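Bear in mind that the values here come from a model prediction, so they are computed numbers and not experimental data. Each chain gets a letter, A, B and so on, in the order the sequences are listed, and its residues count up from 1.
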Number of protein chains: 2
Amino acid sequence: VAAIDDLVAELSRLPGIGRKTAQRLTYHLLHQSKDRLSRLAVALTAVAERVRECSRCGNYSEGDVCEICRDPRRDPGLLCVVEEPSAVMVVERATGYRGRYLVLGGRLSPIEGVGPDQLRVDLLRRRLQEGEIREVILATNPSLEGEATATLIQELLAGTGVRVSRLARGLPVGGDLEYIDSVTLSHALQARQEIT
Amino acid sequence: VAAIDDLVAELSRLPGIGRKTAQRLTYHLLHQSKDRLSRLAVALTAVAERVRECSRCGNYSEGDVCEICRDPRRDPGLLCVVEEPSAVMVVERATGYRGRYLVLGGRLSPIEGVGPDQLRVDLLRRRLQEGEIREVILATNPSLEGEATATLIQELLAGTGVRVSRLARGLPVGGDLEYIDSVTLSHALQARQEIT
């Protein structure tokens with residue numbers, strides 16, 4: 001059946017999904033109601049068509065500026081720097097953080113050819129030039145690349161008078177921010193340590 | 001972002017996908033190009049709108065009668081009875097079988113409330129009444145429910161003069177047809193054993 005073969009082909013192009021997994025996923029999907037499949041397709045299309053980068057923080061957004069950047073109740077002096085949009089979601093869900101974010105879009109990785117130019121360092125610089133930010137919280141992953149990325153940002157901020165802190169040690173080294181429970185993460189945010 | 005929340009919600013409604021998996025899958029999808037997401041949505045929509053049941057065998061089909069049932073080079077005297085459409089795909093890919101199929105749509109399971117009326121037993125009866133079928137190959141799963149389902153079909157065929165065979169023992173008992181390698185499955189088809 002051509003429609004089924006097409007779906008298997010599209011699914012197997014996704015990262016981490018091989019042909020067999022795609023087949024099994026497709027037969028799972030075929031067991032769903034047509035209505036549910038249609039709604040999933042609509043949700044995918046909406047994401048493809050409407051989601052773009054926030055021009056102020058780099059996070060996913062449906063408009064030019066995202067909801068968090070537009071929210072006037074957020075503290076404009078507090079900037080949490082993360083690697084990926086998924087980290088914003090994790091911090092939002094897990095903690096009571098009421099500042100704003102900057103999404104770098106990755107981490108320094110010589111192996112993968114990611115240097116400072118591949119990250120949103122210029123966007124960070126522009127935000128700092130506005131003069132509103134008094135503290136930058138480094139919330140990169142507690143991995144080697146994350147630490148290197150944090151050091152890069154720290155160097156960038158040297159001599160600007162902006163306070164720099166990072167999430168409290170307590171994060172498991174070598175781990176991934178997405179897999180940390182919210183109690184630990186909230187604690188790490190509360191006990192964040194000043195670097196400069 | 002509403003579009004992202006919607007996609008997470010739709011994905012987490014799928015079987016075996018919890019909220020966290022749906023979130024991770026969504027962020028994976030967000031890393032794909034918009035073009036790829038659109039094509040996945042189109043493939044899903046095509047499956048939702050075009051795929052239905054073949055009126056002759058119960059397998060997935062884009063027309064009233066599926067490609068296999070329409071193929072004149074297929075032996076109309078040979079009918080392979082399987083539980084699910086996924087088993088048709090597995091037999092097609094793994095073996096050189098050139099007969100036709102009947103997809104029961106499940107297996108007898110008192111626990112799940114599945115009796116003969118929930119399976120396509122009437123469709124099987126109608127196929128037999130046409131008089132073309134000389135052999136029925138039972139290819140239900142080698143599980144307890146699969147065996148019970150095979151016995152049901154066997155009883156239905158008693159006294160009709162139709163030969164009944166089943167896939168050769170050699171299938172791992174308690175296993176699932178989808179996970180069997182093609183060499184074993186081809187062998188099991190070749191060495192199928194006559195029951196009556």
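- Inter-residue side-chain proximity for B:R107 and B:T140 is flagged as unmet; no heavy-atom pair is nearer than 4.5 Å.
- The stretch residues 85-103 of chain A places A:P85, A:S86, A:M89, A:R93 near chain B, each with some heavy atom under 4.5 Å from a heavy atom of that chain.
- Taking each heavy atom of B:S12 and B:A9 in turn, the nearest pair found is OG-O, 3.0 Å.
- When all heavy atoms are compared, the tightest approach of A:L138 to A:A150 is CD1-O, 3.6 Å.
- The heavy-atom pair separating A:T160 from A:L156 by the smallest distance is CG2-O, 4.0 Å.
- Atom CD of residue A:E83 and atom OG of residue A:S109 lie 10.5 Å apart, to the nearest 0.5 angstrom.
- For the atom pair CD1 (B:I4) and CG (B:L7), the distance works out to 8.5 Å, reported to the nearest 0.5 Å.
- Remark: B:E147 CD to B:E145 CD distance equals 10.5 Å, nearest 0.5 Å.
- Taking all atoms of both residues into account, the shortest heavy-atom contact from A:S165 to A:E135 is OG-OE2, 2.8 Å.
- Side-chain contact check for A:T151 versus A:L108: every heavy-atom pair is 4.5 Å or farther apart.
- Scanning residues 22-56 of chain B against chain A with a 4.5 Å heavy-atom cutoff picks out B:Q23, B:R24, B:Y27, B:H28, B:L29, B:L30, B:H31, B:Q32, B:K34, B:R36, B:L37, B:S38, B:R39, B:L40, B:A41, B:A43, B:L44, B:T45, B:A46, B:V47, B:A48, B:R50, B:V51, ordered by number.
- Interface residue B:A2: backbone and side-chain heavy atoms are both found under 4.5 Å from chain A.
- Residues of residues 66-82 of chain B lying under 4.5 angstrom from chain A, judged on non-hydrogen atoms, are B:E67 by number.
- The backbone N or O of B:A3 lies less than 3.5 Å from a partner atom in the side chain of A:E62, making a donor-acceptor pair.
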**Request:** With side-chain contact (heavy atoms from CB on, under 4.5 Å) as the test, would you mind laying out the steps for A:L128 and A:V136 before giving the verdict?
**Result:** CA-CA 10 Å; A:L128 291 165; A:V136 165; 4.3 Å; yes
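- You'll find the side chain of B:L11 reaches within 4.5 Å of the side chain of B:L14, heavy atoms only.
- Of residues 112-126 of chain B, not one residue has a non-hydrogen atom less than 4.5 Å from any non-hydrogen atom of chain A.
- Remark: B:I137 CD1 to B:R163 CZ distance equals 9.5 Å, nearest 0.5 Å.
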